[in-house]
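None of these values were measured; they are calculated from a predicted model. Note that these values count all heavy atoms, side chains included, but never hydrogens, waters or copies made by symmetry. Note that ligands are numbered from 1 as they come in the structure, with each ligand's atoms numbered from 1 the same way.
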Amino acid sequence: MASNNDFVMTIESDDEGSIVPRKTTKSQVNADPDFAQLNPEFSFGISDDAIAAIFPGDIGSSSGSSLTKLEPVSIDDIISRRRLKITKRRKRQGSISDEDDGEEGQPPSSDIEEDPLATDEESDEEIGSESEADKENVSLDNESSSSDSSDEETQAEKDRKAVFFSNAEHSEVHSSFLTMNLSRPITKALTSMGFNTPTPIQAATIPVGLMGKDVVGNAVTGSGKTAAFIIPMIERLLYRERGRRAAATRCLILVPTRELAAQCFEVGTKLAAHTDIQFCLVVGGLSSKTQEAALRNRPDIVIATPGRLIDHIRNSPSFTLDALDILVLDEADRMLSEGFHDELTEIIKSCPSSRQSMLFSATMTDSVDELVKMSLNKPVRLFVDPSRVTAKGLVQEFIRVRGGKEEDRPAILVTICKKLFRSGVIVFFRSKRLAHQMRVVFGLLGMSCEELHGDLTQEQRLKALRAFRDGQADYLMATDLVSRGLDIKGVNTVINYDMPNDLAQYLHRVGRTARAGRKGRSVSLVGEADRKLLKAAVKHSSGVDSVRHRVLSAEDVAKWVQELDGLKGEVADILKEEKEEKQLRQAEMELKKGQNMIEHEEEIYSRPARTWFQSTKDKAKSAVLSKKVHEAGSDGLAKTKITPDENKRKRDKYAGLSRRAKRRKVAMEEDNGGDNKAIGAAVRAAKKAARPAKIGEPERRPKRSRDIKKAKAKSGLGRDFTSGQEMGQSARREGVRAKKGVQSRLNIKNDSKRRTRR
Ligand SMILES: Nc1ncnc2c1ncn2[C@@H]1O[C@H](COP(=O)(O)OP(=O)(O)OP(=O)(O)O)[C@@H](O)[C@H]1O
């Protein structure tokens, strides 16, 4: 029997019932504060509708010509052809009857019945004793909200934090959206989305965000961080200057993956459904041309992945971030990591320094060294949950993979999936290749399965997500591409086929279930090399009785080992066939590309070449480095040796400049008239003057009668969000920029006068 006192319990039955989301009664909702904060029935899920809505017929088309589009090879077709062959062959051999069609590869049906799993006393004690020690650490850790509380924080670091973060009071606790003084269109949207009460991170962030202050936020996975930063953004935009001349991109949300961007877009458009705020999705895998056209309309909020955004900053003439007021980094710790370093630096260079910055993640760091990269302005630190814990409704299970039994992992995975976890399961793998192989194995075993990783086209990625979300596929074989941020309805179980590189990644992976107050389960296959991470996972679990040790019957696993051995040849054949088909399509595409070049040579060469901020060599190097660092995980970051050569890029002085910028720079250098500085300053000033006014920044400033008159004249433009009074704050703010504009125009005039006099 599992004892309630054991920190790590051993599971003695296959009972899954307690984890499957149940209908919540009203009394439960009232009794449990977590239920009150989140609406378990609501989910926006992830869909491609968001993308389809703005880019109809665009999905999958690359930035290049549609003529060169490579049709993806359908692994489903290959697998079903093979399965048919196997069935026929087996029938011929008389090994299966007609009724068994489609069930080949399964052990006798009695094995699928619930099997009381034997308790392995030895291993149970082993993890149990580790966890007793860790129990103490959990309570200690909970007291600290530092990003990595396992490392003792030195006094020097504490002092740096005291200087770096704002110590402003932000203790006002909001238990309802109504007390936050939000506008009617937002409260209406919140009601229709079923958001009745703010989650803790929303209650903490919205008031601070409305004040225009920089924020560094941390809360567990699935706790509503997306709405926490989008709500203040929309509220502030409601008071922006309007009109054709004032149209500008004022808010930018940067996320690490395309799927996350689409999800963010969906939440944003729902929250802004009753406003005139325009959103634009700027991600790779979709047509650059369509995006360029959308950006020309100067959407208020751009949601982007870094690479494609830089492409537009450099190559879309009408797009600029000069008027940016709010920058949000979702999954900020990933964005601040070495893998995105160069891109982030390039983007930040393009943003005005006067912007408001908000950084969020479930594993957010508050290390000053990391955060200085963002040039934050006295950020408010909002860490509402003890750092790095799992969601409350999550039960974590661990299955030990003994040394020398590593090759049994596929059989262990199939055993638990066949017996216990039959729908709404995400299986995480370290490598794309492994994810793909297991997808083939599951396909051959007749288990409905999709895969999601970076080797697929955008179209395939979206199709896989849709199939999994709609329940057409029971299993999603994924890599860490999916581990962050995605909010997919109906994920009951997350399985870690192999453990990730570090605790942060582990928390994000298991955070795909047990979201928004629901219950969920994670099952991790733990090898000898993963002991350290296992300890950390146990230590950072949110509940004392939420960690279990699952022991599988050796007989069951052995049966599947044998079964999978028999499939090895088929798997190899399928992969070979797929490879050949891919090569064939590649050749077809090259041919089409060649024809295209011949037919449209003139037009193609007359287009301006697209530029990138790094040279091709640098780009390739940094991609390799980024992969290396990501594979090593953030904990392994320090261990990843970056050679001085890799670190210090040799840039010639024109590297990364667009052709036009390069020509201008050369011309400026050639002209030794000495007036360059003045011209540069005049150009900058003129650009500044042309910028639209900033959105409301409702900080309290001493009122001057002139300002009040001005504010009244521009009635409705500014508003004090903190006190709830309508007032001319943003108008005053606009005044600052407008004044600067006048000053700049004067400077230009003076400069040109001086030049004519000379
Ligand atoms: N105030 C609320 N009331 C009810 N449900 C909410 C509320 N806010 C958010 N949710 C729901 O909570 C779920 C998780 O939200 P979200 O994806 O923003 O979490 P997150 O904290 O960003 O997670 P992650 O760290 O994994 O990125 C969503 O399904 C969302 O609809």
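- Contacts of Val267 with ligand 1, taken as heavy-atom pairs under 4.0 Å, are absent altogether.
- When the heavy atoms of Val255, Asn196, Asp487 are ranked by distance to atom 14 (C) of ligand 1, first place goes to Asp487.
- Look at Glu331 and you'll find a heavy atom under 4.0 Å from some atom of ligand 1.
- Taking any N or O of Ala219, backbone or side chain, none lies under 3.5 Å from an N or O belonging to ligand 1.
- Residue Ser223 places a heavy atom less than 4.0 Å from ligand 1.
- On a distance-only criterion, Thr221 and ligand 1 share no N/O pair closer than 3.5 Å.
- Here the options are Ile277, Ile230, Thr226, the test is side-chain contact (heavy atoms from CB on, under 4.5 Å), and the partner is Leu271; only Ile230 passes.
- Between Asp502 and Arg388, none of the side-chain N atoms (NZ, or NE/NH1/NH2) sits under 4.0 Å from a carboxylate O, so this pair counts as no salt bridge.
- Listed by number with element, the atoms of ligand 1 under 4.0 Å from a non-hydrogen atom of Thr226 are 16 (P), 17 (O), 18 (O), 22 (O).
- In this comparison of Phe360, Phe229, Phe177, Phe195, the heavy atom closest to atom 7 (C) of ligand 1 sits on Phe195.
- Counting heavy atoms of neighbouring residues, nucleotides and ligands inside a 6.0 Å radius, atom NZ of Lys378 exceeds 12 of them.
- When each of Ser524, Ser522, Cys417 is checked for a side-chain contact (heavy atoms from CB on, under 4.5 Å) with Ile495, only Cys417 meets the rule.
- Of the options Thr513, Leu507, Val220, Thr221, a side-chain contact (heavy atoms from CB on, under 4.5 Å) to Leu394 is made by Thr513 and by none of the others.
- Taking the centre of each ring, Phe195 and Phe177 stay at or above the 6.0 Å mark.
- The shortest N or O to N or O distance between Arg512 and ligand 1 is below 3.5 Å.
- Contact annotation: for Met193 versus ligand 1, there are no heavy atoms closer than 4.0 Å.
- Of the charged side-chain nitrogens involved, none lies within less than 4.0 Å of a carboxylate oxygen, so that Lys225 and Asp330 do not count as a salt-bridged pair.
- Between Gly222 and ligand 1, a contact under 3.5 Å exists for at least one N or O pair.
- Judged by distance alone, the side chain of Arg469 and the main-chain N or O of Lys489 form no donor-acceptor pair under 3.5 Å.
- Under 4.0 Å from ligand 1, the heavy atoms of Arg515 that appear belong solely to its side chain.
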